[in-house]
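Letters go in sequence order (proteins before strands), and every chain restarts at 1.
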Protein chains: 2
Amino acid sequence: MVNKKDDNQTEKAILEAADKVFTQKGFAAARMEDIANEAGINRALLHYYFRSKDKMFDLIFQQRVAIFFSGLGQIMQSEKRLLEKIQAIVEHEITILLAHPYLPIFVLQELNQNPQRMLAIAENAGAHPSLLLKKFSVEVRAEIKAGTIRETDPAQLFMSIMGMTIYPFVARPVVKIILEKDDAGFENVMRQRKKGITDFIIHALKP
Amino acid sequence: MVNKKDDNQTEKAILEAADKVFTQKGFAAARMEDIANEAGINRALLHYYFRSKDKMFDLIFQQRVAIFFSGLGQIMQSEKRLLEKIQAIVEHEITILLAHPYLPIFVLQELNQNPQRMLAIAENAGAHPSLLLKKFSVEVRAEIKAGTIRETDPAQLFMSIMGMTIYPFVARPVVKIILEKDDAGFENVMRQRKKGITDFIIHALKP
DNA sequence: GTCTATAGGGTGATAGAC
DNA sequence: GTCTATCACCCTATAGAC
């Protein structure tokens, strides 16, 4: 009520700063001072707002995971036909990843170091992650039966889609050097890739 | 000459321990004490052998990157026909990754945080990494011209191969939960995947 | 709410005995 | 070569003034 500054504004600045620092450096390498500097405030204030580094990290991490998985879940459960669904997944993921370059490496690194976190997140989401594949698998098998695509293991297909889409972002520094691109060039290649991947998969599935 | 222990043996134990700890936790989260415990020796001895944490890390990291890229380079430059080359790449990578589960996420994470390291490695390797794709691109274009495969961008194809092959290992904790597998089950799926990916690509490239 | 100062604990590195 | 002890620094977290 009688704050010197709108506290919401400070809190938002901190969250943005924490996001940036944690995402780029990971939990262990991130310093509270980095975050404070990035937010343009004092270290002590971070603790005033979020109590501890751990609590702050958990918050950010949950948010990031949500971005990483949220849209995907919706598309997977949607009523699109298989090939359109695949196209939607690819386009959605690449769009997200272009906007959040460090997102996948950050999430995957922390999950690898702390796999049980994945279970916690799964429970938070309300549904078991294995459901993600259930509907998709049924659809794949239906298309196979109908003869519109060739015999394919749904799980293997799903991994391929994700790998083709996400991996270049995870391996971004390597890709940039091998393809001799700067950031702008890299992003261009990824935009082209939206259509490229979809075509590739459609041909691979053709009976 | 008058050592209490064969120093080679201790050095080896330290390197193995350092490898394990750095690879699992990353540089920032790794503690010298973790490595000492893992090697069954004292912290001070680490410094006696390798002077500093940084030097030790650099050593391990170089080795790991070599494993990650070495065989790949040879296959890429070999005289196999395109489709056999692709098959060889997939099988080689998956074999390596089954033996070194944490390898890709470790290397890619550290490279993301320190992209200039990639340039240093490139120079060390003697050849510019962009050469990796040169021969491959020529071969792809030749096959297209010969009509044996359909119009395809070589760089995009290469990223797809790498993504399909490496990504599941990077996302291992996620994959395990979505597919409801334990470690043994995951590894089985990956072994099947060797053939699965190759088939997938062959069909995708069919004119 | 925001700052300065500082407590309290951990970590990399070195000195020195054996 | 290997150990124990210790230094010097860094980092999270809190106390207390404003």
The side chain of Ile41(A) is closest to which nucleotide in this list: dG12(C), dC3(C), dG1(D)? dC3(C)
Separation of Met32(A) atom CE from dT12(D) atom P, in whole Å? 7 Å
Spacing of Arg31(B) atom CZ relative to dC10(D) atom P, expressed in whole Å: 15 Å
Got a salt bridge between Glu38(A) and Lys20(A), using NZ or NE/NH1/NH2 to carboxylate O under 4.0 Å? yes
For atom CG of Leu45(A) and atom P of dG16(D), their distance in whole Å: 18 Å
Side chain of Ala44(A) only, please: which of dT6(C), dG1(D), dT4(C) is the nearest? dT4(C)
Among dT4(C), dG12(C), dG1(C), which is the nearest nucleotide to the side chain of Tyr48(A)? dG1(C)
Any Thr10(B) side-chain nitrogen or oxygen under 4.0 Å from OP1 or OP2 of dT2(D): yes
If I take atom CZ in residue Arg43(B) and atom P in nucleotide dC3(D), what distance separates them, rounded to the nearest angstrom? 12 Å
Parallel, tilted or perpendicular for Phe61(B) and Phe106(B), by the 30°/60° rule? perpendicular
Respond yes when some side-chain nitrogen or oxygen of Arg51(B) is under 4.0 Å from OP1 or OP2 of dG12(C), and no when none is. no
When rounded to whole Å, the CD1 to P distance for the pair Ile35(B) and dT11(C) reads 12 Å
Atom NZ of Lys53(A) to atom P of dT14(D): distance rounded to whole Å? 15 Å
Do the side-chain N or O atoms of His47(B) get closer than 4.0 angstrom to the phosphate oxygens (OP1, OP2) of dT14(C)? no
Is it true that Glu180(B) and Lys134(A) have a side-chain N and a carboxylate O under 4.0 angstrom from each other? yes
Is Glu79(B) salt-bridged to Lys85(B), going by a charged N under 4.0 Å from an acidic O? no
Roughly, in whole Å, what's the span from CG in Asn42(A) to C1' in dA15(D)? 13 Å
For atom CD of Glu33(A) and atom C1' of dA13(D), their distance in whole Å: 14 Å
Using a 4.0 Å heavy-atom cut-off, does Ala29(A) contact any base of the nucleic acid, only the sugar-phosphate backbone, or nothing at all? nothing
Under 4.0 Å between a Lys/Arg side-chain N and an Asp/Glu carboxylate O for Arg64(A) and Asp19(A)? yes
NA contact type, Ala36(B), heavy-atom cut-off 4.0 Å: base, sugar-phosphate, or nothing? nothing
